[in-house]
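Since the structure comes first, as structure tokens, the remarks are kept for the end.
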Amino acid sequence: MSGDRTHNDSQIESGSRVNDSHKHKDKHKDKEHRHKDHKKDKEREKSKYSNSEHKDPSEKKHRDKEKLKQKDGVDRHKDKDKRKEEKIRSFDGKPKKEKENGFASPPRVKSEPNNDGFYLSPKHDKSLKRERDEDDSEFKPKKIKVENDKKVKKRKPEDEEDIKPKKKTKDKKGADGKKKVKKEPEEKWKWWEEERYTDGSKWRFLEHKGPVFAPPYEPLPSNVKFYYDGKPFKLSEKAEEVATFFAKMLDHEYTTKDIFRKNFFKDWRKEMTSEEKGKLSDLNKCDFNEMSEYFKAQSEARKQMSKDEKLKIKEENERLLQEYGFCVMDNHKERIANFRIEPPGLFRGRGDHPKMGMLKRRIRPEDIIINCSKDSKHPKPPPGTKWKEVRHDNKVTWLVSWTENIQGSIKYIMLNPSSRIKGEKDWQKYETARRLKKCVGRIRAQYREDWKSKEMRIRQRSVALYFIDKLALRAGNEKEEGETADTVGCCLLRVEHICLSPEKDGQEFVVEFDFLGKDSIRYYNKVPVEKRVFKNLQLFMENKQPEDDLFDRLNTSILNKHLQELMDGLTAKVFRTYNASITLQQQLKELTSPEENLPAKILSYNRANRAVAILCNHQRAPPKTFEKSMQNLQTKIDAKKDQLSDAKRELKSSKADAKVRRDEKSKKAVESKKKAVQRIEEQLMKLEVQATDREENKQIALGTSKLNYLDPRISVAWCKKWSIPVEKIYNKTQREKFAWAIDMADDDFEF
DNA sequence: GGCCATACTTAGCATCTCCACA
DNA sequence: TGTGGAGATGCTAAGTATGGCC
């Protein structure tokens, strides 16, 4: 098949080949533009430090115009040097070697399409008549429930149960059943058995108390001083407040970074009086240490508070939660996720974020838009203030919004994941992924066919889709230049992010990926690909510079439009959900053996979960205490081993004793020694399993996939099948979020 | 088709809480 | 009973996706 490229690639319409751009006028433009932009980028980089957030509007306009001119592709390249610098940065700030943390070639198990795979959990077998706005074959709440707003207000006492806030149940010990397990409230609202709205509205009635604002600034005591150039300097209140933000972060690596310091200083100066501005001209001469010590002492004092004092604070927090932490949405009291407005501080962008250190300003009532229903009791702004706006938009789910000043994006207050509105969406997400399961075979066949297309754009689309499917890459939406760290997803991959080897480590057609993904987490993977993909990649890279786009004819909207045609509701992200869930299901089948005991089964579950986390590249920095805690665990294991050999010795001698004496008493002694050995062996095994689990989890975060990608019904079914308490898999919060799945999935659920 | 605004999900790190153990 | 540390929770940044406008 080595000749396929020469044959097929020559058939590609020349007009659509970006690689022969030099032959075409517009492509010349393209290249010219690229160079221009590079020059501009460099200039921008130069001026960034003196004026990072106020870009010359004419420059922007010009760039926009250039972009419009550019018919064919998108030039989203930033400074090359900067990228190279970032390229070598790993998530812990150091270059990584391949496979160092086991991320190369993640284990993957794929299920091929199952065309009859229309699974209905028995509880949903019953015919459920419901008009649906989306084609979610299994998304079928049962009862029809139509309640008008007035009824909400006139709730009867018997409804009170719903209105009561969920009392925090203390789950003392969880599933072992060894200690008291306080029952969770028995009657919980099963929204999944009710009718959904079909008109695009999200609610009929919404009432809440508005947000909780950050506490006002408390000036420092007079004995805590700020020093400039070695001398005490009394700051104005505004300047002092911003200085405390920096002081609080003094021990953090952020404050050593040039960009952070520059951004901070620039924004800090804006808060200074003209006198302060004149005198405080060099951040390096500023001494925040006394302030920093003061905050450390305060935090220490908080830790040392008496029980009563702590209780008082806890009660106050509880009061706030009760007052502001719940809303009434369509007859039900629902928990709000984030009812507190983000306090002012310094922006902590991740990776090499160009805006890190900028001042995140205090949000005032005048910045706040309230969303609630017309006939609800509207939240009151704090005395003497007013809201920016009160609106009644039931097509959205948010309660409160404001625009933040760093990126100009909108922030929202929304409901908790356990709420109906979030749960329905989550359920729907998994149903879409299950629909993909039914047609993934066809889609895969199609994109494989498209690798041979005459059109470059189709080839690029199909190769990108292959990566998204095979490697669970994110889509890669375009981002505004200079506004965020240089991170990419699939459609944004650049030539410099991949390295092709016809043969490597005994494998053919190897692609080595190395780029920074979401949150500037490094994605490093070396994967053998199909020959056609390899040849296509070579083609896409022809005559391109390292900083050029790999898929210059593709973006996420083109890709998603195509996916939409293949399956209703299909977007790039659905592949991640589908592949994560199907991998979990298969790994669970593969790894669970019936004869295993409970801890071993849990280990198997965690390993299945881990396979998904590796697939999705969910990394974490190793916990600071990791080495120490592993050591502690090892000490425990060693001690247990000693204990075991002692117990075995004792057992041996009691057996010998019993042989001589042949009486009941010594027989009983043997039995009890046997039991002791057994018990210690079990304890040892548990500790060893724990150590393995922890070691394997060192740099992998399981939580993200568990919460966002794994259909909870798979886990619930697994628990039911093996009689494992669901509490072993999901903590209380997770059980609340997945209440729908826990209720509806039986042991035979198939994703 | 590109741009932009908007709405929502996904993500890792920081901080808090509470349990096991000395 | 005090405390270290694991796990839970909170926080908010950083993604994806869509729809409207030009």
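A note on names: the letters A, B, ... follow the listed sequences, proteins ahead of strands, and every chain is numbered from 1. These numbers come from a predicted model, not from an experiment. When reading the values below, keep in mind they use all heavy atoms of this one structure, side chains included, and skip hydrogens, waters and symmetry mates.
- For A:Lys314 and A:Glu318, the salt-bridge test fails: no basic side-chain N is under 4.0 Å from an acidic carboxylate O.
- For A:Asn731, a side-chain nitrogen or oxygen approaches OP1 or OP2 of C:dA8 to under 4.0 Å.
- Here A:Tyr709 does not reach the OP1 or OP2 of B:dT9: none of its side-chain N or O atoms lies under 4.0 Å away.
- At whole-Å resolution of the value, CD in A:Glu300 and P in B:dC16 are 12 Å apart.
- For A:Lys360 and A:Glu404, the salt-bridge test fails: no basic side-chain N is under 4.0 Å from an acidic carboxylate O.
- Between A:Glu736 and A:Lys732 there is a salt bridge, since at least one side-chain N of the basic residue sits less than 4.0 Å from a carboxylate O of the acidic one.
- For A:His252 and B:dC13, the shortest distance from a side-chain N or O to OP1 or OP2 is not below 4.0 Å.
- Contact check, A:Arg335 against C:dG10: a side-chain N or O comes under 4.0 Å of OP1 or OP2.
- A salt bridge does not link A:Glu315 to A:Lys312: none of the charged nitrogens lies less than 4.0 Å from a carboxylate oxygen.
- Remark: side-chain polar atoms of A:Lys303 are not paired, donor with acceptor, to backbone N or O of A:Gln298 under 3.5 angstrom.
- Rounded to whole Å, the distance from CZ on A:Arg553 to P on B:dG2 is 12 Å.
- The shortest side-chain heavy-atom distance between A:Ile413 and A:Ser401 does not fall under the 4.5 Å cut-off.
- Heavy-atom contacts from other residues, nucleotides or ligands closer than 6.0 Å to NZ of A:Lys310 number more than 12.
- Here C:dG10 presents its C1' atom at 15 Å from NZ of A:Lys737, a figure rounded to the nearest Å.
- To the nearest angstrom, C1' of C:dT1 lies 13 Å from NZ of A:Lys310.
- Other residues, nucleotides and ligands contribute only 12 or fewer heavy atoms inside 6.0 Å of the CD atom of A:Glu253.
- At a threshold of 4.0 angstrom between heavy atoms, the contacts of A:Pro343 are confined to the sugar-phosphate backbone, with no base atom among them.
- Rounded to a whole Å, the NZ atom of A:Lys561 is 8 Å from the P atom of B:dG2.
- At the heavy-atom level, A:Arg576 lies under 4.0 Å from the strands shown only through sugar-phosphate atoms.
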Under 4.0 Å protein heavy-atom contacts per nucleotide of nucleotides 13-22 of chain C, with B for base, S for backbone only and - for none: BBSBBS----
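- The interatomic distance linking A:Ile406 (CD1) with C:dC11 (C1') rounds to 16 Å, in whole Å.
- Between A:Asp486 and A:Arg494 there is a salt bridge, since a side-chain N of the basic residue sits under 4.0 Å from a carboxylate O of the acidic one.
- Summarising the geometry, the separation between NZ on A:Lys706 and P on C:dG7 is reported as 11 Å, rounded to the nearest angstrom.
- The residue among A:Phe339 and A:Gln304 whose nearest nucleotide of DNA chain C lies closer to the 5′ end is A:Gln304.
- Here the P atom of nucleotide C:dC11 and the CE atom of A:Met249 are 17 Å apart, to the nearest Å.
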Interface polar pairs with nucleotides 6-8 of chain B, N/O, under 3.5 angstrom:
residue, atom, partner, partner atom, Å
B:dA7, OP1, A:Trp398, NE1, 3.4
B:dA7, OP2, A:Trp398, NE1, 3.4
B:dA7, OP2, A:Tyr412, OH, 2.9
B:dC8, OP1, A:Lys202, NZ, 3.1
B:dC8, OP1, A:Thr397, N, 3.4
B:dC8, OP2, A:Thr397, N, 3.0
B:dC8, OP2, A:Thr397, OG1, 2.9
B:dC8, O5', A:Thr397, OG1, 3.4

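- Remark: A:Asp367 engages A:Arg361 in a salt bridge, criterion side-chain N to carboxylate O under 4.0 Å.
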